[in-house]
Amino acid sequence: MNVTRCAAAGGPEVLRQATVPDPSSRPGEVIIGVEASGVNRADVLQRKGHYPSPPGAPEWPGLEVAGTVSAVGEGVTARRVGDRVCALLPGGGYAEKVAVHESLTLPVPAGLSMSEAAALVEAACTALSNLREATAQAGETLLVHGGLGGVGSIAVQLGAALGMRVLATAGGRDRADRCVELGAEAAFDYRTEDWATEVAARGGADVILDVVGAAYLEPNLRALATDGRLVVIGMQKGSRGELDLGMLLAKRARVIGTTLRARPLEERAAIVADVERTVWPLVPDRVRPLVHATFPLADAAAAHTMLEAGGVTGSLVLTT
Ligand SMILES: NC(=O)c1ccc[n+]([C@@H]2O[C@H](COP(=O)([O-])OP(=O)(O)OC[C@H]3O[C@@H](n4cnc5c(N)ncnc54)[C@H](OP(=O)(O)O)[C@@H]3O)[C@@H](O)[C@H]2O)c1
């Protein structure tokens, strides 16, 4: 089969087509003939040599796919050949075929294309699992940074659908306005607006979903309400910052860090099952993935170039 792999660590040009043996299914696994593969910022980190696939996963990038089951391994009960599924992967999605445990697959929701389904899996798992980490409740205020990003656009829609009051940040007034169209009560242009003061003036955020990291540690803490929970899932602006413990204690706040990819299979399977129970009934009416553009699998470099240039609304998808 054809895959797109990183010939070395570096820029988008290191992404090259290669032919590798087809995957075979171990017990409990299905083979999916991939039609669409989501592109994530983690893939960019992997391409740069900072975020390798975990042991046991293919070395080429790709955390989510959608396609049709072409074979099932021993002991598979939930999926059959011909099922239209999408799946959460620890890696290896930039390929014509993947082997994945059946517990990491979901049916393609009615009303979604394969590209939309591929764009939804990783973001839905990330958004929901981190709302759970933060014990987010209906009626609470959720601040989503990067509300038009792959994860952010799903988190805004999901938070609103679950009854939270959603605030968001985005890079530009037009992008902030789009966050409001997705369900945010208000959204701020982080380039020009003092979002932390604005959020604090609205009573503060009970939960913050943060993709920025160190540079936002201080303003995030200011924006948190008493008993607030800051969940850091990305470090786009640094991994080391200074934390005002006095403010942390005074607010009885919590800072939480998580990753999805390296969790044991059982934990990822539990997240996927929660997504199927909680998010899938909201798709596509309340939660709909935004596909900014699609590219052929062989053209993954162009997708990475576009993602790194910024201004993407939702996700980019590779098609086979
Ligand atoms: N820990 C985990 O399990 C996990 C899982 C999935 C993703 N992630 C991480 O989460 C992050 C987002 O992933 P993604 O796939 O959604 O990437 P993405 O689609 O590229 O989105 C990145 C977002 O970050 C926003 N952003 C950049 N600088 C910002 C700033 N200074 N203030 C506010 N927002 C800012 C961008 O906003 P504009 O485009 O509007 O400027 C954009 O919406 C990445 O760092 C990724 O590695 C972590």
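Every number for a ligand or one of its atoms is a count from 1 in the order of the listing. Predicted model only: the values in this text are computed from it and were never measured.
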Taking atom CZ of Arg173 as the centre, does the number of heavy atoms from other residues, nucleotides or ligands within less than 6.0 Å exceed 12?
yes
Please check if any side-chain donor atom of Ser53 sits under 3.5 Å from a side-chain acceptor atom of Gln46, or the reverse.
yes
Can you sort out which atoms of ligand 1 are near Thr258, meaning under 4.0 Å from one of its heavy atoms?
1 (N), 2 (C)
So, regarding Gly149 and ligand 1 (criterion: nitrogen or oxygen to nitrogen or oxygen, under 3.5 Å), is there a contact or not?
yes
Would you mind checking which non-hydrogen protein atom is closest to atom 33 (C) of ligand 1, with the distance to 0.1 Å?
Tyr190 CD2, 3.3 Å
What are the two closest heavy atoms between Leu63 and Ala42, and how far apart are they?
CD1-CB, 3.8 Å
Please list, in number order, the atoms of ligand 1 under 4.0 Å from a heavy atom of Ala170.
40 (O)
If we ignore angles and hydrogens, is there a donor and acceptor under 3.5 Å between the side chains of Glu96 and Thr320?
no
Got the closest protein heavy atom to atom 19 (O) of ligand 1, with its distance?
Gly150 N, 2.8 Å
Any idea which atoms of ligand 1 are less than 4.0 Å away from a heavy-atom of Gly171?
38 (P), 40 (O), 41 (O)
For Glu64 and Ser37, test the side chains for any donor-to-acceptor distance below 3.5 angstrom and give the result as yes or no.
no
Does NZ or CZ of Arg41 lie under 6.0 Å from the centre of the six-membered ring of Tyr51, at an angle within 45° of the ring axis?
no
Does the distance from a Lys or Arg side-chain N to an Asp or Glu carboxylate O, for Asp189 and Arg175, drop under 4.0 Å?
no
Atoms of ligand 1, numbered as shown, that sit under 4.0 Å from any heavy atom of Lys237
28 (N)
Charged N-O contact under 4.0 Å between Arg80 and Asp83:
no
Arg165 and Thr141: side-chain donor and acceptor closer than 3.5 Å?
yes
Return the minimal non-hydrogen interatomic distance between Leu158 and Ala127, and the atom names on each side.
CD2-CB, 4.2 Å
Atom 13 (O) of ligand 1 sits nearest the protein heavy atom Val151 CG2, 4.0 Å
For ligand 1, which is the ligand I care about here, please tell me if Gln236 has any N or O atom under 3.5 Å from one of the ligand's N or O atoms.
yes
Proximal ligand 1 atoms for Glu122, defined as those under 4.0 Å from one of its heavy atoms:
5 (C), 6 (C)
Can you list the atoms of ligand 1 that are under 4.0 Å from a heavy atom of Arg175?
38 (P), 39 (O), 40 (O)
For Thr259, the ligand 1 atoms with a heavy-atom partner under 4.0 Å come out as 1 (N), 2 (C), 3 (O)
Checking Lys251 against Asp227 for the salt bridge (charged side-chain N to carboxylate O under 4.0 Å, His left out) test, could you report, in this order, the C-alpha distance in whole Å, the side-chain angles of both residues, the deciding distance, and whether it holds?
CA-CA 6 Å; Lys251 289 198 172 185; Asp227 291 316; over 6 Å; no
Of the protein's non-hydrogen atoms, which lies at the shortest distance from atom 10 (O) of ligand 1, and what is that distance?
Val211 CG1, 3.6 Å
At under 4.0 Å between heavy atoms, what of Val212 touches ligand 1? The answer is side chain
Passing option when Val30 is tested against Leu104, Val85, Val76 for side chain to side chain contact (heavy atoms under 4.5 Å, CB included)
Val76
At under 4.0 Å between heavy atoms, is it the side chain or the backbone of Thr126 that contacts ligand 1, or both, or neither?
side chain
Number the atoms of ligand 1 from 1 as they appear, then name those within less than 4.0 Å of a heavy atom of Leu260, with their elements.
2 (C), 3 (O)
Which segment of Arg41 sits under 4.0 Å of ligand 1 when only heavy atoms are counted:
both
Angle between ring planes, Trp195 versus Tyr216, binned at 30° and 60°: parallel, tilted or perpendicular?
tilted
Among protein heavy atoms, which sits nearest to atom 4 (C) of ligand 1, and what does the distance come to when rounded to 0.1 Å?
Ile233 O, 3.8 Å
Go through the steps to decide whether Arg263 and Glu133 satisfy the test salt bridge (charged side-chain N to carboxylate O under 4.0 Å, His left out), and finish with yes or no.
CA-CA 14 Å; Arg263 287 180 190 242; Glu133 287 284 346; 3.2 Å; yes
Identify the protein heavy atom lying closest to atom 36 (C) of ligand 1, giving its residue, its atom name and the separation to 0.1 Å.
Gly146 CA, 4.2 Å
Taking distance alone, with N or O pairs closer than 3.5 Å, would you say Gly311 contacts ligand 1?
no
Looking only at heavy atoms, is any part of Leu307 under 4.0 Å from ligand 1, and if so is it the side chain, the backbone, or both, or is it neither?
side chain
The closest protein heavy-atom partner of atom 32 (N) of ligand 1 is Tyr216 OH, 2.6 Å
Ligand 1 versus Thr169: contacting region, heavy-atom distance under 4.0 Å
side chain
Contact between Arg261 and ligand 1, counting heavy atoms under 4.0 Å?
no
Short N/O distance, under 3.5 Å, between Val312 and ligand 1?
no
Judged by modelled atom types alone, do Asn130 and Thr258 share a side-chain donor-acceptor pair under 3.5 Å?
yes
